Amino acid sequence: MNEKLHTLIEKLLEWQTDPDWWPGSSVFEIASSAILTQNTNWNNVEKAMHNLLDSGIDSWEKLLYDEDLEKHIRPAGFYQNKSRALRALAGLFLSTPEPTRTQLLNLRGVGPETADSILLYALNKPEMVIDAYTRRILEKCNIITKKCSYDELKTMILGELPAHYDVNTLKRLHAAFVEIGKRYCKKTTKCNCCPLEAIKERGTS
DNA sequence: TTCCGGTGCC
DNA sequence: GGCACTGGAA
């Protein structure tokens with residue numbers, strides 16, 4: 001039990017963020033954008049998604065056989081890696097509509113964060129997403145160090161959640177991390193206007 | 001550790 | 001012109 005982390009999570013859950021904040025109206029759109037957003041500004045992801053949808057690519061089958069996939073997703077960057085990952089994901093979803101975490105992780109270009117994003121937001125499975133925002137906020141609050149692995153951090157956070165947490169709680173918690181990360185906890189800015197500042201200043205427990 | 005990468009902000 | 005952006009692979 002980490003008192004400081006527990007308090008921070010309680011605080012974040014008080015935000016009452018929208019559990020359905022992740023843009024996209026289908027499993028295809030949500031899961032595809034999870035690939036596209038890897039280390040990339042969301043603004044660029046939207047451009048890539050619009051290119052796909054404007055070209056009539058709105059299903060795994062169409063994406064799999066689209067010869068211009070690289071061109072369409074170009075604005076999202078890393079387009080060679082991401083187009084390969086998208087095709088791999090399309091193949092998996094076409095054969096298995098509800099893939100497991102292990103199946104997702106076996107795809108080249110799908111790591112733990114992308115897998116958890118797809119499971120939580122596209123398939124409504126109870127997984128916690130650990131992203132750059134989550135990590136940065138917890139580092140600046142002196143709750144973790146850089147050495148903390150993805151799985152360690154995920155386990156740590158799940159251990160502080162209310163006993164009967166559900167999928168929407170996980171979505172709202174991650175949404176709150178993203179919100180704080182985007183608005184206050186920038187990489188190069190200070191913490192003095194952050195709503196979590198009080199927690200940061202509190203000593204480690 | 002380094003590479004993949006276009007976009008927007010400073 | 002420099003750098004950050006909801007990562008992942010080798």
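So you know, we letter chains A, B, ... as the sequences are listed, proteins then strands, and number each from 1. Note that the structure is predicted; figures quoted are calculated from it, not measured.
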How about A/Thr40 and A/Lys82: does a side-chain donor come under 3.5 Å of a side-chain acceptor?
-> yes

Atom NZ of A/Lys82 to atom P of C/dT6: distance rounded to whole Å?
-> 11 Å

Specify the separation, in whole Å, of atom OH of A/Tyr133 and atom C1' of C/dT6.
-> 6 Å

When the nearest nucleotide of DNA chain C is assigned to A/Gly109 and to A/Pro23 on a heavy-atom basis, which residue is associated with the more 5' position?
-> A/Pro23

Hey, which sits more toward the 5' end of DNA chain B by its nearest nucleotide, A/Thr40 or A/Asn43?
-> A/Thr40

Please work out if A/Tyr79 contacts a base, only the sugar-phosphate, or nothing of the nucleic acid, heavy-atom cut-off 4.0 Å.
-> sugar-phosphate

Rounding to a whole Å, what distance do you find between A/Asp131:CG and C/dG8:C1'?
-> 15 Å

May I ask you to say what A/Val129 touches in the nucleic acid, namely base, sugar-phosphate or nothing, with a heavy-atom cut-off under 4.0 Å?
-> nothing

Between A/Trp42 and A/Val110, which is nearer to the 5' end of DNA chain C once each is assigned its nearest nucleotide?
-> A/Trp42

Can you establish whether the number of heavy atoms outside A/Glu70 located under 6.0 Å from its atom CD is more than 12?
-> yes

Starting from C1' on C/dT6, measure out to CG on A/Leu153 and report it in whole angstrom.
-> 14 Å

If we take the P atom in both C/dT6 and B/dC10, what is their distance in whole Å?
-> 15 Å

Ignoring backbone atoms, test whether A/Arg136 places a side-chain nitrogen or oxygen under 4.0 Å from the OP1 or OP2 oxygen of C/dA4.
-> no

Using a heavy-atom cut-off of under 4.0 Å over every strand shown, decide if A/Gly77 touches base, sugar-phosphate, or nothing.
-> base

Is the backbone of A/Cys148 close enough, under 3.5 Å, to the side chain of A/Arg135 for a donor and an acceptor to pair up by distance?
-> yes

Answer with base, sugar-phosphate or nothing: what part of the nucleic acid does A/Ile137 contact at a heavy-atom distance below 4.0 Å?
-> nothing

Grab the CZ-P distance between A/Phe78 and C/dA4 for me, whole Å please.
-> 13 Å

How would you label the contact of A/Ala76 with the nucleic acid (heavy atoms, under 4.0 Å): base, sugar-phosphate, or nothing?
-> base

Okay, side chain of A/Gln38, backbone of A/Gly109: is any donor-acceptor separation there less than 3.5 Å?
-> yes

Taking the six-membered ring for Trp and the full ring for Phe, Tyr or His, determine whether the centres of A/Tyr79 and A/His72 are under 6.0 Å apart.
-> no

Check every nucleotide of DNA chain B for an atom under 4.0 Å from a heavy-atom of chain A, then give the first and the last such nucleotide from 5' to 3'.
-> B/dC4 to B/dG8

In whole angstroms, the gap separating P of C/dT6 from CD of A/Glu127 amounts to 22 Å

Distance, C1' atom - from B/dG5 to C/dG2, rounded to whole angstrom | 15 Å

Side-chain (A/Lys125) to main-chain (A/Glu98) donor-acceptor, under 3.5 angstrom = no

Integer-rounded Å distance: C/dA9 P and A/Leu105 CG = 9 Å

C/dG8 C1' sits how many Å from A/Asp116 CG, rounded?
-> 14 Å

Hey, does the side chain of A/Ser59 reach the backbone of A/Lys62 with a donor-acceptor pair shorter than 3.5 angstrom?
-> yes

Is A/Asn41 near enough to C/dC5 that one of its side-chain N or O atoms lies under 4.0 angstrom from OP1 or OP2?
-> no

Okay, side chain of A/Thr17, backbone of A/Arg172: is any donor-acceptor separation there less than 3.5 Å?
-> yes

